[in-house]
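One structure is given here, and the rest of the page talks about it.
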2 protein chains.
Amino acid sequence: MAVSKETIVEASIKILNRDGIEGLSMRAIAKELNIKAASLYWHFSGKLDLYGAIAECLCSYYEMPEESCNPKDYLVLSYRAYRAILLSTRDSVPVLENSIPNTPHRLEIINAISKALLKVGFKEENLMTVSNLLNNYVLSFVADECRFKNTPLDKIQELEKMFNPQDSLLLRATNDFDEQFSFGLRVLFAGLEAVDICAR
Amino acid sequence: MAVSKETIVEASIKILNRDGIEGLSMRAIAKELNIKAASLYWHFSGKLDLYGAIAECLCSYYEMPEESCNPKDYLVLSYRAYRAILLSTRDSVPVLENSIPNTPHRLEIINAISKALLKVGFKEENLMTVSNLLNNYVLSFVADECRFKNTPLDKIQELEKMFNPQDSLLLRATNDFDEQFSFGLRVLFAGLEAVDICAR
DNA sequence: ACCTGAACACCGTTCAAGT
DNA sequence: ACCTGAACACCGTTCAAGT
């Protein structure tokens, strides 16, 4: 049974979750599929092309919120769903960052969010700036979140002592990631409205 | 004449500016200094240790703004200076991201900014959250800025057409990076105040 | 104290050749 | 259409040995 783009992507995601992006070598993917690394180049032009396919697959699981509700809630729900996808697969952030969002599902997400941003009242000329700001927020938040979750407790306490010689404020602050993520979103939306590139 | 940690870092920065982080291999650094790659391991425990030293060196050029002016201006000037350092050396962002900020100059910057954030009125329990938000903003902004500047014009126009079938709004929006950077900072500060984790 | 040679265990990618 | 063997040009890191 011949492999396909789909089975290669599937195997890649399996390896990502097991070994992280460090372990995602062409040879490792090939081994997972019982073929040789060179064969992968018949399906993909190179590693970045494969990253693009992985990212596209991840984004295909994106659950579009209901159109009906008000556009601001829609945006918050969109970004929550975006984060959920990023959290579902280990090291998804560098995969997304190193691939161009020119595939159907990724463009669909971008378009849906762009439309909602315009509905909320952001000026069209600021659309790219605003969506970049929000996109970077989500990506860097999740990257930090994963780094934190993959750091052993003693290392964290070591770092804590450096930044805050008193006591462990850091841990208390960073424990609830859902709440922290929502907090950041509130900050960004409030800020964007206040700086009145918003029409209303 | 034997090399030292300093000359190794110097050579590394030279290579970064010339070839980017892809070109910064242990062998390339050694060649630049007319030694062999294995020798570097007498000075540094590994590549991440070297990244830490490069980051520390870059941060030593940080120009602390005057203490006297009001704390909010101080913060804006701090983040501008931070961005200036990141822009001064190619691919500095991944170097910073992959090293632990436990060296003197980096801690100095973190402490100075923390103090200013508290002065502005942010609650101590939110200090880490707020400074992470701002730090991530600067890093991801500069990463995008560099990506944009290193992308040939025809590639950019190709992408533009994908996101905005009408015309080239993107280019107009992203031309002035200084202004864009300040815009993002204004958004974040306005948002942080509005979400009233700010005491005043 | 500082450096090297040689090796180990890897990478991504190419390409003629196989079926 | 799909895969392989073999090679090319690299990596980071270790370690006994040299001066």
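To find a chain, count down the sequence lines: A is the first, B the second, and so on, and within it residues start at 1.
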Exercise for the section: Indicate whether OP1 or OP2 belonging to D:dC3 is found under 4.0 Å from a side-chain N or O atom of A:His43. Expected result: yes

Exercise for the section: Find out whether A:Leu40 and A:Val3 are in side-chain contact, i.e. whether some heavy atom of one side chain is under 4.5 Å from a heavy atom of the other. Expected result: no

Completion exercise
Rounded to whole Å, NZ of B:Lys36 lies from C1' of D:dT13 at a distance of 17 Å

Exercise for the section: Check the pair B:Asn135, B:Asn132 against side chain to side chain donor-acceptor pair (under 3.5 Å), reporting the backbone distance first and the verdict last. Expected result: CA-CA 5 Å; B:Asn135 187 57; B:Asn132 276 344; 5.4 Å; no

Exercise for the section: Quote, to the nearest angstrom, the P distance that separates C:dC10 from D:dA9. Expected result: 22 Å

Exercise for the section: Using a strict 4.0 Å threshold on nitrogen-to-oxygen distance, state whether B:Lys14 and B:Glu32 make a salt bridge. Expected result: yes

Exercise for the section: Return no unless some side-chain N or O of B:Ser39 is found under 4.0 Å from OP1 or OP2 of C:dT4. Expected result: yes

Fill in the blank from the handout: Partner of D:dC10 under the Watson-Crick or G-U wobble criteria, both distances under 3.5 Å, comes out as none

Practice task
Starting at atom CD of A:Glu22, determine the distance to atom P of C:dA9, rounded to an integer number of angstrom.
Solution key: 19 Å

Problem - Separation of atom NZ in A:Lys47 from atom C1' in D:dC11, rounded to whole Å - result: 13 Å

Practice task
Could you state the atom-to-atom distance from CD of A:Glu6 to P of D:dC2 in whole Å?
Solution key: 12 Å

Handout entry: Whole-Å distance separating the CG atom of B:Asn98 from the P atom of D:dG12
Key = 13 Å

Practice task
Mind checking A:Ala2 for me? I need base, sugar-phosphate or nothing, with any heavy atom below 4.0 Å counting as a touch.
Solution key: sugar-phosphate

Exercise for the section: For B:Arg27 and C:dA7, give me the distance from atom CZ to atom P, rounded to whole Å. Expected result: 14 Å

Handout entry: B:Arg80 and B:Glu63 ion-paired at < 4.0 Å
Key = no

Completion exercise
Residue pair A:Ala38/A:Ser25 against DNA chain C: nearer the 5' end by closest nucleotide is A:Ser25

Practice task
Could you please name the partner base of D:dT19, counting Watson-Crick and G-U wobble pairs only when both distances are under 3.5 Å?
Solution key: C:dA1

Problem - Rounded distance (Å) that lies between atom C1' of D:dC3 and atom CD1 of A:Ile29 - result: 16 Å

Exercise for the section: Would you mind reading off the distance between B:Asp19 atom CG and D:dC11 atom P, rounded to a whole angstrom? Expected result: 11 Å

Problem - Test of ring centre spacing under 6.0 Å for B:Tyr137 and B:Phe181 - result: yes

